[in-house]
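Structure, as structure tokens:
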Amino acid sequence: MRTLETLSGGKWLTTGDWIDVHDPADPGTAVARVPAMSAADVTRAYDHAEQGFAVWRRTSPFERSRIMTEAARLLRERVAEIAEDVTREMGKTRAEAAGETIKAADFLEYYAGVARQGYGALVHDVRPDTRTSYQREPLGVVLAITPWNDPLITPARKLAPCLAAGNAAVLKPATDTPQAALHLARALDDAGLPAGVLNVVTGRGAQISEALVSDPRIAALTFTGSNEVGESLRARVAARNVRFQGELGGKNATVVLADADLPAAAKAVAAAAFAQAGQRCTATSRVIVERPVYEEFTALLLTEAAALRLGSGLAAGTTMGPLVSARQRDSVLADIERAVAQGASVLTGGGRPAGEELSHGCYVSPTVLGAVTRDMDIWHQEVFGPVVALLPVDSFEQAVTAVNDSAFGLAAAVFTRSLSAAHRFADEAECGQIAVNTTTSGWDVHQPFGGFRDSGSPFKEQGEEALRFYTRVKTVAVHFGA
Ligand code: NAD
């Protein structure tokens, strides 16, 4: 078992207390341990962040850009080692973990370029001989709290724009998957990030939550995770006027219209529903199919599900790994059981896979549910596992109504050959991300990303839009007359 240190104030720290990290393919074995920081350690991380911000805000954008570019290069150079650690702590396949590492490098590179641009504009001034402009400047210390499903990309998605804009950060990765964030911190530290600009807090929620969230030096809180935790954090910081960005749950729908390319739709739904064992905020979990093609589409989807090979993410040939933990597996199994109790039928999967090799891991078979109705919990509640619910409908209008029958509004897709249906869908689906003839997941680093309704908050991530969250606007009038 490896012992890892965490980064605070430019130093790699250990503590006397540890948190074990487990491999979900073999949860009996701890693969690593990380420091369980105390509340006092967390407060010290904010001291360091405050000092780091004083340096970083005055570091030239070109130097910031250079450091971020170098960190991206280091991530690419270390992709094999990092991907293996991500697989060992989270369970996704080695190929998925390598893709995640490369995308994290993309985030750093993209925002390294953005860092070189000024953010602002000249505006007219009614006063003579007066030139007025506005500029965007950093906020200060940003707290980033991230989940376990994309343990490297999610911190990178937040830290890259945060640092490009000149902020310092305290990053709290998920307790189940801290190694990925520590790799990111290592790359930035090795690239020359000044001390205190990034501080990583590893610890047990109950012991550190108060020190983490109540520190008066937090200027903004960016959170990705569950609605339950996100909404409570939002409420905790609101009274202090701390800016909050939340990327929360989803219940993403894909619509298959009767004129669709059905094999392409089935492949896309299987990819969006079962990649990372369904543990993606943008995973397709509801499929709404026009009745004339319902049987044919269902048969194609079942064929795609049957072709998946479950196993350890490190084993050659595995196309679907385990869920992140026994807790998550049991939660998904309970959701399936409740759906069946409410009248859904299991068309494939529905439980743990058979076989000695898989029996001790955190596996759930890819599951397709039929006979689903819109009053069932499975229609409304996020499962965050490899489970899709099918619903037949009789028209485009019914399909859109079904898509929008959700408290969430993250991503939706439509499969059709009709240009008119595609554009009407993009206008009428109440989601932040709309896909036509492609998957609900897989948005690029420069594309604005974030959900409507209970899936998100007004601030988007990714692209230049992300800078709205990480900067504030200052207006400057200069009178140059005599
Ligand atoms: P979670 O909400 O349980 O935990 C998220 C993070 O919050 C973890 O780091 C956790 O340790 C921390 N946390 C929990 N309680 C805390 C507290 N009281 N104080 C401070 N920190 C606390 O979520 P999860 O189970 O790790 O992730 C799965 C969820 O994340 C799903 O609901 C999924 O939809 C969501 N998610 C959303 C997006 C998106 O972009 N919309 C992306 C990925 C995941």
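Just so you know, ligand 1 is whichever comes first in the structure, and atom 1 is the first atom listed for that ligand. Predicted, not measured: the structure shown is a model, and the values here were computed from it.
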Given the rule in the side-chain contact (heavy atoms from CB on, under 4.5 Å) test, do D190 and R78 qualify, once you have shown the distances and angles that lead to the verdict?
CA-CA 12 Å; D190 289 349; R78 299 170 185 174; 2.8 Å; yes
Atom 41 (N) of ligand 1: closest protein heavy atom, distance to 0.1 Å, is L248 O, 2.7 Å
Any atoms of ligand 1 less than 4.0 Å from a non-hydrogen atom of T175? List them with their elements.
11 (O)
Among all protein heavy atoms, pick out the one at the shortest distance from atom 2 (O) of ligand 1; state its residue, atom name and that distance to 0.1 Å.
S226 OG, 2.6 Å
Establish whether atom 7 (O) of ligand 1 and some protein heavy atom are separated by less than 4.0 angstrom.
yes
Starting from atom 17 (C) of ligand 1, find the nearest protein heavy-atom neighbour and note its residue, name and distance.
S209 OG, 3.4 Å
Might you work through the side-chain contact (heavy atoms from CB on, under 4.5 Å) test for I82 and L75, ending with a clear yes or no?
CA-CA 8 Å; I82 298 174; L75 288 182; 3.7 Å; yes
G249 neighbourhood, listing ligand 1 atoms whose heavy-atom distance to it stays under 4.0 Å:
34 (O)
Can a non-hydrogen atom of G451 be found less than 4.0 Å from any atom of ligand 1?
no
I378 pairs by side-chain contact (heavy atoms from CB on, under 4.5 Å) with which of T373, I336, V383, V340?
V383
Near F449, which atoms of ligand 1 are under 4.0 Å from a heavy atom of that residue?
40 (O)
Atom 14 (C) of ligand 1: closest protein heavy atom, distance to 0.1 Å, is V229 CG1, 3.6 Å
Show the atoms of ligand 1 that are less than 4.0 angstrom away from any heavy atom in I145.
6 (C), 7 (O), 9 (O), 12 (C), 21 (N)
When rounded to the nearest 0.5 Å, the distance separating CD of Q462 from NZ of K460 is 9.5 Å
Give the atoms of ligand 1, by number and element, whose distance to some non-hydrogen atom of E247 is under 4.0 Å.
37 (C), 38 (C), 39 (C), 40 (O), 41 (N)
So which of P178, G432, C281 gets nearest to atom 42 (C) of ligand 1, if we judge by its closest heavy atom?
C281
Of all the non-hydrogen atoms in the protein, which one sits nearest to atom 31 (C) of ligand 1, and at what distance?
E382 OE1, 3.5 Å
Does F449 have R157 sitting over its ring (NZ/CZ under 6.0 Å from centre, angle to axis within 45°)?
yes
Numbering the atoms of ligand 1 from 1, which are under 4.0 Å from a heavy atom of F223?
2 (O), 5 (C), 6 (C), 7 (O)
Exactly one candidate in T15, I19, T3, T175 meets side-chain contact (heavy atoms from CB on, under 4.5 Å) with V34; the answer is I19
Near P173, which atoms of ligand 1 are under 4.0 Å from a heavy atom of that residue?
9 (O)
